[in-house]
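See below for the structure under consideration.
Any value given below was found using the heavy atoms of this structure, including those in side chains, with hydrogens, waters and symmetry copies removed.
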Amino acid sequence: MTQNSPLLVLPPSLSRTVAALPDKDRNRLDDTITRLHTVNGRLWDTEDRVRGALLSAAQVADCKREIDQLNAERNLLAERADEVLGSLADAGRADAPLHTETLASVVDRLSVLTLRIWHSERAATRDELARRRIPALHGQRAELGAALDALVSDVVTGRRRLPVPARFKLYGRDGAAPAEIKPSRRLRQVLAFGGLSECGKSTSAEFVQRTCGAQRFKIVFLLRQAAHRESLADPYALSPRRQAELLLGELNRFADAHVDTELFTIESVHDDASIAELKRLMGDALQILYLDVSFAVRVERSGTPAQAVAAKDEIKMSRGAHQVAALADHVIDNTGSIAALRARLRRIAAPPTSTALRAATPYGLGLPAAVASATADFTDAVRAYGPGVRLAALTGSPGEGSWIAGWSDLDLLVIAEHEAIGRVHEALAQYRRALGGAAALGPTLVTLGELTARRLTPRLAFVLHQLQQGSPVLHAAPGLELPTISRGELAFAAVRELPQVILTMRRLRADAGPTALRQLYKHLVLACRLLLREHNQWESGPDRILAAASRMPGLTALSAPSLAEISSAWRDGEAGLVLKPVTVAVDQLLTWYAVQLAA
């Protein structure tokens with residue numbers, strides 16, 4: 001119950017008996033009886049409302065529907081309580097006298113009597129009859145508590161049997177017992193944003209929508225849709241449980257109709273009771289986020305007078321908005337930078353997961369002995385740094401098994417804590433000295449926080465995807481969690497990366513001397529690889545990539561020589577021999593690309 005409602009106190013014998021139950025059963029019973037008492041309080045309030053003020057016919061109908069719904073919930077909770085309380089009975093006395101009602105039925109009557117006393121005491125100041133009834137009501141509660149204690153004693157010792165607890169109440173549901181609505185299997189994840197005025201709820205939901213592809217809903221919209229569907233005049237007059245059922249029903253309908261949508265957001269959570277009921281219905285599929293910001297900061301950010309913010313706060317707090325913090329799965333301090341907020345949101349919306357990474361030694365990557373030895377020394381060095389370095393891997397051609405001495409670089413990914421970066425620099429310097437002129441080293445250093453916040457370049461996202469697909473790593477810390485990168489994300493990343501690659505390729509083409517051959521060819525392959533991703537084609541290896549790109553609609557076969565021919569000419573100092581066909585292939589692709597985007 002709320003702070004303005006009475007507590008339900010169980011009689012001593014029942015309390016002691018319940019305390020002896022296993023933790024799981026005791027906690028389940030405590031929660032069920034608390035909810036039963038809460039529902040009884042709401043039933044009382046709703047019945048008062050329909051008997052009191054002058055209501056329209058539609059409002060009376062809504063109240064009657066709510067009373068039916070609350071009664072259905074009341075009976076369901078009583079049955080659940082009896083599932084636990086029934087375990088107290090001694091099953092060995094089949095000939096014991098049968099009691100007329102279950103233990104939960106008596107607890108339910110005790111709840112109603114507690115409410116009657118509470119309301120009578122408040123009416124006593126203006127109603128003499130109510131005042132005279134109070135001693136008798138207290139006497140009735142004492143007698144009922146004693147009778148319940150005696151019944152518990154008789155049931156536990158087998159002197160009395162309890163009836164079957166099923167009640168089979170219908171309450172207008174076409175002859176069916178009230179069924180609890182469940183989340184659709186397609187409703188995978190819902191983020192609910194709560195907080196007081198000007199705390200950043202809408203900004204946060206918009207960010208998740210834009211960056212994570214979430215479907216964004218306003219709670220008021222969902223309730224109005226549900227009310228229209230079920231001919232309800234005022235869904236806010238319904239019980240929190242029923243509001244939660246209406247919200248879940250609308251979310252289920254949308255999820256079932258849009259099977260590719262995996263993430264939903266709802267805002268703004270201003271009612272702690274209804275969101276608590278929705279959490280009970282959805283479990284971990286619903287994540288409640290409460291944005292916590294001081295009043296002074298909210299006033300400053302809003303650009304409005306403090307009185308205006310305070311007035312909006314007062315309305316929200318009257319509905320329980322501030323109490324959502326106690327229910328939240330994530331309480332987010334939003335007084336810091338927007339970068340910190342967005343990092344937290346990305347981790348919640350797309351949490352990192354453990355990934356089974358394939359480890360390999362440098363000697364198993366097809367590297368020359370000197371390169372493999374220098375790489376092994378570097379791996380030993382960063383491994384010795386402990387948890388400060390989380391992962392080291394050679395990416396690109398070494399992972400694909402196509403590294404060519406004198407042509408390929410050593411593209412290195414290191415994931416390390418920021419505090420360990422300085423030591424990694426030292427290890428990289430030693431790595432370069434050990435390599436000598438055998439290979440050029442291209443390191444990428446990134447912190448784990450950057451990755452889990454998904455501050456990723458398209459190329460880094462592709463590297464993570466390749467690691468998750470089995471590309472080997474040199475070192476990975478135990479329990480390492482990385483963001484999961486889907487092919488769909490890479491296809492969208494290709495759209496963002498391709499323009500820069502095309503611009504760079506044009507710049508290289510404008511100065512296409514022999515020294516530009518290597519970079520020009522690599523950008524040609526990269527551009528083709530990105531175009532293929534947009535067409536959901538996933539090739540590896542330059543020769544296969546160029547061959548697949550040549551089959552794209554409207555693009556004639558690219559004239560570039562094979563990688564073996566180009567790399568051999570480069571190593572032998574004869575880049576001029578293959579430069580012409582490479583530039584012809586670049587011109588083919590650039591012309592085709594311009595035509596595609598000209599319409």
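If you check the side chains of S202 and E267, you find a donor sitting under 3.5 Å from an acceptor. No hydrogens or angles considered: a donor-acceptor pair under 3.5 Å links the side chains of Q287 and H330. A donor atom on one side chain and an acceptor atom on the other are found under 3.5 Å apart for S540 and R544. Looking only at atom types and distance, the side chain of T375 has no donor-acceptor partner in the side chain of Y363 under 3.5 Å away.
The cationic group of R533 lies under 6.0 Å from the six-membered ring centre of F462 and within 45° of the ring axis, placing it in a cation-pi geometry.
Proximity of a side-chain donor or acceptor of D271 to a complementary backbone N or O of A273 within less than 3.5 Å is detected. Side-chain atoms of Q588 come within 3.5 Å of backbone N or O of S559 as a donor-acceptor pair. Side-chain atoms of W592 never come within 3.5 Å of backbone atoms of D587 as a donor-acceptor pair (strictly under, hydrogens ignored).
Surrounding CG of D284 are at most 12 heavy atoms belonging to other residues, nucleotides or ligands under 6.0 Å away. The 12-atom threshold is exceeded at CZ of R210, counting heavy atoms of other residues, nucleotides or ligands nearer than 6.0 Å. Heavy atoms of other residues, nucleotides or ligands lying less than 6.0 angstrom from NZ of K218 number more than 12.
Screening L286, I266, L246 against L251 for a side chain to side chain contact (heavy atoms under 4.5 Å, CB included) leaves a single residue, I266.
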Exercise for the section: Kindly determine whether L448 and E417 satisfy side chain to side chain contact (heavy atoms under 4.5 Å, CB included), including the steps that lead there. Expected result: CA-CA 7 Å; L448 186 60; E417 300 301 331; 4.1 Å; yes
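A parallel orientation is assigned to the rings of F264 and F217, their planes being inclined by less than 30° (bins at 30° and 60°). Ring geometry for W538 against H465 counts as tilted: the plane angle lies between 30° and 60°, on a 0 to 90° scale.
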